[in-house]
Colleague: 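Next up is a structure, given as structure tokens.
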Number of protein chains: 2
Amino acid sequence: MSDAYYLQLTEQLRTLIDQNAAQWEGKLPAERVLAEHFATTRVTLRQALSQLEGEGLIHRSNRRGWFISPARLVYDPTRDAGFNDYVRAQGRQPRTAVLKLEARVHPPAARALGLPDDQPFQHIRRRRYVDDRAVLVESLWVVPERAPELLDIYAGQSLWGLLRERWGHYLANRSIRMVSEALSPLDAEELFVAPGTAGLNINRAIFDDQRRPIEYDEEHWLHDSLCISVELSGQR
Amino acid sequence: MSDAYYLQLTEQLRTLIDQNAAQWEGKLPAERVLAEHFATTRVTLRQALSQLEGEGLIHRSNRRGWFISPARLVYDPTRDAGFNDYVRAQGRQPRTAVLKLEARVHPPAARALGLPDDQPFQHIRRRRYVDDRAVLVESLWVVPERAPELLDIYAGQSLWGLLRERWGHYLANRSIRMVSEALSPLDAEELFVAPGTAGLNINRAIFDDQRRPIEYDEEHWLHDSLCISVELSGQR
DNA sequence: GCAAACTTCTGGTCTATACCAATCAGCCAG
DNA sequence: CTGGCTGATTGGTATAGACCAGAAGTTTGC
């Protein structure tokens with residue numbers, strides 16, 4: 001092979017991980033150990049590990065080490081099914097932590113919903129887990145008129161379920177935007193990963209069946225933890 | 001700031017790029033020049049550049065240097081509009097190069113379309129450009145019965161247009177899958193970028209209005225060159 | 001028995017340097 | 001003026017070593 005050494009290393013690591021996944025219990029040996037095992041430098045070794053990270057095979061958490069990434073979560077952003085539902089449907093364990101509840105303006109949300117920039121919102125910030133791994137943080141910006149006492153009531157349950165059951169809102173129209181990104185220092189910190197980690201940003205503007213604005217949603221996912229899947233029928 | 005130096009560097013580079021974009025004509029100065037300008041090493045400098053690359057602000061081409069990335073292409077994978085159409089609609093110049101035309105089996109396509117593994121396909125491999133930058137490579141796997149002489153006819157035009165006009169196929173049902181990826185050595189080479197560059201993989205299985213399989217589509221995009229946008233109406 | 005303090009390990013960052021291979025610009029020959 | 005050659009430039013890769021701060025594990029002190 002005339003390939004770069006770090007690419008060969010990537011392949012060797014891939015098979016090594018494959019064979020020892022069970023015995024390592026998801027956590028790779030220390031970088032210094034691996035570097036010595038392959039008789040190379042930590043710099044080169046890390047280059048190879050970063051490749052595998054880009055593929056979504058492994059990831060790192062805090063400063064605790066490298067871990068083997070679980071299967072991606074299949075996610076359909078066009079459907080109403082709550083996070084908890086479809087995580088469970090895939091045999092995984094969901095969890096949600098509420099990070100912030102406040103009333104605030106947020107011009108990006110206002111613009112996406114066609115409201116004036118000084119429109120106040122009810123802001124819910126939460127972190128979501130799959131099998132105890134934090135996989136996304138999101139900010140929800142809800143139009144106050146649509147859900148008056150939301151901030152007093154809310155305690156981590158499904159927002160869309162709440163909107164439907166308590167206020168009778170049926171979410172009918174939505175506009176979705178997806179962009180790959182590098183996680184901002186804040187998002188990264190809240191997800192316990194290094195700043196600049198690859199992520200996927202999903203934004204949704206949601207209206208009811210009369211095109212009244214309901215909610216704007218900003219999600220920041222770890223890039224390796226989801227697979228977006230959309231099923232469409234009917235000619236367009 | 002107690003942040004890491006390379007993160008400060010990232011910010012300084014960001015403003016530097018902002019201010020000098022016009023004068024540099026899209027191409028950044030050499031790494032060695034930048035490293036000296038900031039009184040640091042190329043290694044650290046490259047770490048900062050990689051951050052900006054992750055954000056999609058800059059990219060590199062071959063070994064020619066770092067370039068400022070153009071605005072992302074807005075793309076709706078749920079619509080029929082051909083690549084050429086929506087690239088032009090956004091005021092950009094599209095181009096297509098056909099890389100391969102052949103008949104072959106391809107089990108992943110067969111499975112996605114619900115056909116036996118040994119189903120033969122007509123394979124079109126092409127590279128697509130926006131303003132002379134290669135932004136994606138794709139493989140199209142067309143069921144031969146639906147478009148008999150395709151391989152003889154095809155010369156780079158819109159495939160969906162051809163299917164509609166020549167064979168009267170109206171694409172009605174589709175199932176779409178999107179996953180972030182690291183570009184394979186082959187895909188990377190065909191896009192003139194380094195192996196392992198961040199990409200976005202979009203796969204589509206397409207059926208007609210009687211749910212007969214028509215075509216399977218594997219796209220590999222540069223991660224920084226698109227923004228996925230979907231508009232949905234109607235309750236689901 | 002438990003919490004606090006300390007030590008070790010580990011990933012994250014950074015410096016300095018070197019060599020290779022692709023690219024590019026300029027020169028030279030036809 | 002053109003086409004091929006050549007040498008300087010530049011990004012890509014790699015080595016070696018160092019220090020820091022957070023995490024984890026161990027010991028100490030009450």
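Naming convention: chains lettered A, B, ... in sequence-line order (proteins, then strands); numbering from 1 in each chain.
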Colleague: Rounded to the nearest 0.5 Å, what's the gap from CG on B/N201 to CG on B/L183? Could you check?
Modeller: 9.5 Å
Colleague: Earliest and latest nucleotide of DNA chain C, 5' to 3', sitting under 4.0 Å from a non-hydrogen atom of chain B?
Modeller: C/dT13 to C/dC24
Colleague: Would you say D/dG17 has OP1 or OP2 under 4.0 Å from some side-chain N or O of A/T41?
Modeller: no
Colleague: Judged by each residue's nearest nucleotide on DNA chain C, which is more toward the 5′ side, B/R42 or B/Q47?
Modeller: B/Q47
Colleague: Under a 3.5 Å distance rule, please check whether B/Q90 uses its side chain to pair with a backbone N or O of B/V74 as donor and acceptor.
Modeller: yes
Colleague: May I ask you to verify if any side-chain N or O of A/R63 is less than 4.0 angstrom from the OP1 or OP2 atom of D/dA21?
Modeller: no
Colleague: What is the distance from OH of B/Y6 to C1' of D/dC20, rounded to the nearest Å?
Modeller: 14 Å
Colleague: Any chance you could measure A/L49, atom CG, to A/I17, atom CD1, to the nearest 0.5 Å?
Modeller: 7.0 Å
Colleague: Let me confirm one number: the CG-CG distance from B/L13 to B/L34, rounded to the nearest 0.5 Å.
Modeller: 6.5 Å
Colleague: Compare all side-chain heavy atoms of B/R60 with those of B/V193 and state whether any distance is below 4.5 angstrom.
Modeller: no
Colleague: Please report the interatomic distance CG(B/L57) to CD(B/Q51), rounded to the nearest 0.5 Å.
Modeller: 12.0 Å
Colleague: Rounded to whole Å, how long is the line connecting atom CG of A/L45 with atom P of D/dA16?
Modeller: 14 Å
Colleague: What is the separation between atom CH2 on B/W66 and atom C1' on D/dT9, rounded to the nearest whole Å?
Modeller: 18 Å
Colleague: Decide, yes or no, whether a salt bridge links A/R204 with A/E219 under the criterion of side-chain N to carboxylate O below 4.0 Å.
Modeller: yes
Colleague: Closest-nucleotide mapping onto DNA chain D: is A/V43 or B/R64 further toward the 5' terminus? I mean the 5' end.
Modeller: B/R64
Colleague: Specify the separation, in whole Å, of atom OH of A/Y5 and atom P of D/dT13.
Modeller: 15 Å
Colleague: Give, for atom CG of B/L222 and atom CZ of B/F192, the distance between the pair rounded to the nearest 0.5 Å.
Modeller: 11.0 Å
Colleague: Taking atom P of D/dT15 as reference, at what distance in whole Å does atom CD of A/E36 sit?
Modeller: 14 Å
Colleague: If you look at every heavy atom in B/E55 and A/A182, which pair is closest and at what distance?
Modeller: CG-CB, 3.7 Å
Colleague: Have a look at the helix from C/dG1-D/dC30 to C/dG30-D/dC1 and give the angle its two end axes make, five pairs each, rounded to 10 degrees.
Modeller: 10°
Colleague: Taking the nucleotide of DNA chain C with the nearest heavy atom to each, does B/T44 or B/R32 sit closer to the 5' end?
Modeller: B/T44
